[in-house]
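Here the structure comes first, spelled out in structure tokens, and everything after it is commentary.
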Protein chains: 2
Amino acid sequence: MISEAVENYLKMIYELQNETGKVSTNALAEKLGVAPASVTGMLKKLAEERPRLVNYERHHGVSLTPAGQKIALEVIRHHRLIELYLQQALGYSWDQVDAEAEKLEHVISEDFEDRIDALLGQPEFDPHGDPIPTKGLQLARPDHPRLSELAAGQSGRVSRVRDDDPALLRYLAELGIIPDATLTVAGKAPFGDTLSVRVGAESDSPSHTLGRPVTDQVFVEIQGK
Amino acid sequence: MISEAVENYLKMIYELQNETGKVSTNALAEKLGVAPASVTGMLKKLAEERPRLVNYERHHGVSLTPAGQKIALEVIRHHRLIELYLQQALGYSWDQVDAEAEKLEHVISEDFEDRIDALLGQPEFDPHGDPIPTKGLQLARPDHPRLSELAAGQSGRVSRVRDDDPALLRYLAELGIIPDATLTVAGKAPFGDTLSVRVGAESDSPSHTLGRPVTDQVFVEIQGK
DNA sequence: TTTCTTTTTTAGGCTGGCCTAAATACTGCG
DNA sequence: CGCAGTATTTAGGCCAGCCTAAAAAAGAAA
Ligand SMILES: [Mn+2]
Ligand SMILES: [Mn+2]
Ligand SMILES: [Mn+2]
Ligand SMILES: [Mn+2]
């Protein structure tokens, strides 16, 4: 039986792999809130599992095997389906869903998964715009640019927001910066670390000044213009 | 932080206390699917917890302290609310809900609890007729007689069914023996171990022959007649 | 009350998952 | 190349929860 700890390790390895390419012991330790030595120990075990869950060689980082990736995707599917369900069916706000899903993801049955999936109409995205792996564990990877990378004058549709920081999520919701919102970069301050962003499709939509910590967390599908 | 294992021990102690009065090491071990020696070890720890969760003296059984009972009731509230929610909101049948609730009960937040409680309209009973402790952890204890204890000719309302055995639950559901159903004992075989029971309020309602293993698991509030 | 049986506890061990401190390997720079 | 600094691994421990086997206590029966 796969433990909750193992599921979290595999999920984190998967996510780090897709964010930063390489997966180091230290990065993993940091994300998991655990000492680096503990990670080394766990990676050894995962590599000795039969079937092997990760490819691991001392000092050379780690990557998921197909078996490991399958488990990671199952956990991610649970996580994102649950997030959406909590929001849609139970009225959670998008900054509350992550914490609850973090625990529930390890515990629900396949039956539960199937039922909420059906109830939500086989949804493709979670409340933060993250794609939900299909039942067959296929995962769309849109990979749009960050808001901070847009040039002045460009506009587009918010596709995804990083779901790490609840306070940031509340702030963004207040501004109306949620998936599918329309954004236009009205202006860019020197050195590009501050943007003036119009939120909404109308030319008289309200505009806000956003710093790098914010604009790095928002992903935009560039449109028209 | 209270672990899942501790929560399960406290819940089981509570339930054994209310079923059989005394709580023995062996009975607890059996219910938990664990060796008796493991129970002894855990009971010692629970008794040394600050605040104390159980009263325990070697060879003299165990009982819950107020602090232990509070935790037990919180877990039971979670369990029964979740069971009802799974049935009402997700379409689970009453024989499936227990297994899923067994895991979820340890993991949901107070927020989750409050939300499903509100959504269900602060329900008083779970799908098997077990009372749900209130938010303040008050628990109604109806304590009706078993169907097996009724005399021929008596009738009443099914108040509760023991939820242990999914196969039995499916069988009972087929016969229409669910909470609030009306039953009448049409006849009693010699030595009283087999009953002929009419299910339904009409005098032409279908009647079934039920053995002790079944009639011991059904509780009836005797009415009229 | 003595003996036998059943119940419970003690003793000793194991695994998973974490920790700190110390050792070692890699990396980039002078 | 050699060395400093960083990243990683090893060594040695701890705690929760479980196990089996053996000892001891309680309870029933003679
Ligand atoms: Mn998790
Ligand atoms: Mn998310
Ligand atoms: Mn449980
Ligand atoms: Mn129940």
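Keep in mind that this is a model prediction, so the values were computed, not measured. Proteins get letters first, then strands, A, B, ... in listed order; numbering begins at 1 in each.
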Rounded off to whole Å, could you give me the [atom1]-to-[atom2] distance for the [X] and [N] pair?
X     : N      : atom1 : atom2 : value
B:K22 : C:dT7  : NZ    : P     : 16 Å
A:K45 : C:dT15 : NZ    : C1'   : 8 Å
A:M42 : C:dT15 : CE    : P     : 15 Å
A:L32 : D:dT8  : CG    : P     : 14 Å
B:L46 : D:dA16 : CG    : P     : 12 Å
A:L10 : C:dG17 : CG    : P     : 11 Å
B:L43 : C:dT10 : CG    : P     : 11 Å
B:E30 : C:dT6  : CD    : P     : 16 Å

Can you see if the side chain of [X] gets near the phosphate of [N] - specifically, an N or O under 4.0 Å from OP1 or OP2?
X     : N      : result
B:N26 : C:dT6  : no
A:S3  : C:dG17 : yes
A:S38 : C:dC19 : yes
B:Y56 : C:dT8  : no
A:Y9  : C:dG16 : no
B:K44 : C:dT10 : yes

Sugar-phosphate only, base, or nothing, as touched by [X] at under 4.0 Å among non-hydrogen atoms:
X     : answer
A:T40 : base
B:A37 : base
B:A35 : base
B:T25 : sugar-phosphate

Whether over 12 other heavy atoms sit under 6.0 Å from A:R52 CZ = no
Is it true that the side chains of B:E221 and B:S159 contain a donor and an acceptor less than 3.5 Å apart?
-> no
Determine whether the side chains of B:D98 and B:H79 contain a donor N or O and an acceptor N or O closer than 3.5 Å.
-> yes
For the side chain of B:H59, counting heavy atoms from C-beta on, which of D:dA25, D:dC18, C:dC18 is nearest?
-> D:dA25
Between A:R80 and A:F125, is NZ or CZ placed under 6.0 angstrom from the six-membered ring centre and within 45° of the ring axis?
-> no
Most 5' of A:H60 and B:E57 on DNA chain C, judged by nearest nucleotide = B:E57
Pairwise 5' ranking along DNA chain C for A:R58 and A:V6, keeping only the more 5' one | A:V6
Those residues that, when tested against A:H128, pass ring-ring contact (aromatic ring centres under 6.0 Å, His included) (two or more places apart) | A:W94
Applying side chain to side chain donor-acceptor pair (under 3.5 Å), name anything that partners B:R146, two or more places apart in sequence or on another chain.
-> none
